[in-house]
Amino acid sequence: MKHWLLKSEPGTFSVDDLAASPRQTTRWDGVRNYQARNFIRDEMKKGDLAFFYHSSCPEPGIVGIVEITREAYPDETAFDSRDEHFDPKSERSNPRWYVVDVRLKRKLDKPLALVKLKQYAGDRLSDLRLLKRGNRLSVIPVASKNWRFILSLER
DNA sequence: GCCAACGTTGGC
DNA sequence: GCCAACGTTGGC
């Protein structure tokens with residue numbers, strides 16, 4: 001099983017929005033970056049776990065844990081000319097963009113702020129891609145040892 | 001294939 | 001609002 005980190009702007013879709021969704025499940029749509037797309041389409045498996053991360057907000061950080069409940073299928077928003085994520089180059093016969101379904105496992109009792117994670121950028125989390133300079137990926141793989149270490153920071 | 005211009009991300 | 005770091009686009 002793999003581990004991931006999924007970024008979302010809480011002003012657009014927060015962990016509380018996910019908690020309020022039917023079956024606490026949502027379609028992770030709108031990803032428009034090829035590297036992130038490849039992770040979604042090729043590597044994410046049902047049962048994988050991901051950190052839910054709030055970005056572009058007053059206190060960026062990990063706020064919840066989600067489970068992948070459905071593997072990749074075409075992103076419908078790319079076909080909809082009225083949708084902000086519309087991409088005329090994505091065709092139904094040859095979809096360019098993909099989504100997975102994720103379900104909230106739990107919110108963290110206390111968010112793990114980016115500033116706190118950064119304390120370990122030089123040692124325990126030195127290879128965490130989230131902390132790398134210039135990182136902009138919205139779907140990031142997390143090594144299992146980093147996953148476990150981050151969870152240990154909760155207490 | 002190169003590269004300048006442009007757009008986006010995201011922390012601060 | 002600023003700006004660094006990318007990724008994408010399009011002319012050549």
Side-chain angles (χ1 to χ4, degrees), chain A residues 2-21 26-44 48-68 72-102 104-143 145-147 149-154:
Chain A
K2 289 201 165 99
H3 296 97
W4 307 92
L5 181 143
L6 297 171
K7 291 183 187 171
S8 186
E9 297 185 17
T12 304
F13 190 81
S14 70
V15 71
D16 288 327
D17 292 327
L18 179 57
S21 299
T26 196
R27 186 178 285 181
W28 206 263
D29 59 19
V31 172
R32 295 293 179 269
N33 169 282
Y34 289 105
Q35 205 174 350
R37 189 277 311 269
N38 292 347
F39 285 137
I40 286 175
R41 188 190 59 187
D42 306 333
E43 296 196 42
M44 273 191 177
D48 283 1
L49 299 177
F51 288 127
F52 191 115
Y53 178 89
H54 279 173
S55 66
S56 296
C57 58
E59 193 166 302
I62 295 167
V63 293
I65 295 173
V66 300
E67 179 177 350
I68 311 303
Y73 58 102
D75 187 342
E76 285 292 322
T77 66
F79 306 133
D80 181 357
S81 60
R82 293 158 307 180
D83 194 283
E84 61 170 321
H85 297 297
F86 174 59
D87 181 357
K89 293 181 201 145
S90 186
E91 300 163 32
R92 284 187 185 279
S93 59
N94 184 23
R96 179 172 295 203
W97 307 112
Y98 285 80
V99 299
V100 289
D101 285 354
V102 305
L104 182 63
K105 284 207 74 171
R106 64 182 177 92
K107 276 177 64 174
L108 299 193
D109 294 331
K110 194 164 171 293
L112 285 171
L114 177 62
V115 286
K116 177 155 188 182
L117 297 175
K118 279 185 169 175
Q119 291 174 6
Y120 305 94
D123 48 323
R124 295 296 300 270
L125 296 177
S126 59
D127 58 348
L128 183 66
R129 202 145 163 194
L130 176 72
L131 303 178
K132 295 291 184 193
R133 198 170 53 98
N135 160 70
R136 286 168 37 192
L137 260 191
S138 64
V139 178
I140 299 176
V142 178
K145 66 178 171 60
N146 289 338
W147 178 272
F149 178 70
I150 291 168
L151 283 180
S152 77
L153 296 176
E154 257 192 298

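Just so it is clear: chains get the letters A, B, ... in the order the sequence lines come, proteins before strands, and each one is counted from 1.
- Note: CD1 (A:I62) to P (B:dG11) measures 12 Å, nearest angstrom.
- In this entry the distance linking CG of A:L114 with C1' of B:dC12 reads 11 Å, nearest Å.
- Picking from B:dG10, C:dG7, C:dT9 the nucleotide with the shortest atom distance to the side chain of A:S56 gives B:dG10.
- Within the nucleic acid shown, A:K132 has no heavy atom closer than 4.0 Å to any nucleic acid atom.
- For A:N135 and B:dG10, the CG to C1' distance is 9 Å, given to the nearest whole Å.
- Of the side-chain N and O atoms in A:Y53, none sit less than 4.0 angstrom from OP1 or OP2 of B:dT9.
- The separation between A:L131 atom CG and B:dT9 atom P is 20 Å, rounded to whole Å.
- Contact between the side-chain N/O atoms of A:R133 and the OP1/OP2 oxygens of C:dA5 is found at a separation under 4.0 Å.
- The CG-C1' distance, from A:L6 to B:dT9, rounds to 16 Å in whole Å.
- Taking CG of A:D48 as the reference point, atom CD1 of A:I68 lies at 6.0 Å (rounded to 0.5 Å).
- Relative to the side chain of A:K89, the nucleotides C:dT9, B:dC12, C:dG7 differ in distance, and C:dT9 lies closest.
- Using modelled atom types and a 3.5 Å distance limit, the side chains of A:D16 and A:S14 yield no donor-acceptor pair.
- Regarding A:L117, its CG atom lies at a distance of 11 Å from the P atom of B:dC12, rounded to whole Å.
- In this structure, the CH2 atom of A:W97 is 10 Å from the C1' atom of C:dT8, given to the nearest Å.
- For A:Y73, there are no ring pair (Phe, Tyr, Trp, His ring centres under 6.0 Å) partners at least two apart in sequence or on another chain.
- Ion pairing between A:D87 and A:K89 fails under the 4.0 Å rule for side-chain N and carboxylate O.
- Rounded to an integer number of Å, the gap from A:N33 CG to B:dT8 P is 14 Å.
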Candidate pair A:Y34 and A:W97, rule ring-ring contact (aromatic ring centres under 6.0 Å, His included), full reasoning: CA-CA 8 Å; A:Y34 289 105; A:W97 307 112; 4.8 Å; yes
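- Side-chain proximity of A:K7 to the nucleotides B:dG10, B:dC12, C:dT8 is greatest for B:dG10.
- Side chain of A:S55, nearest nucleotide from B:dG11, B:dC12, C:dG7: B:dG11.
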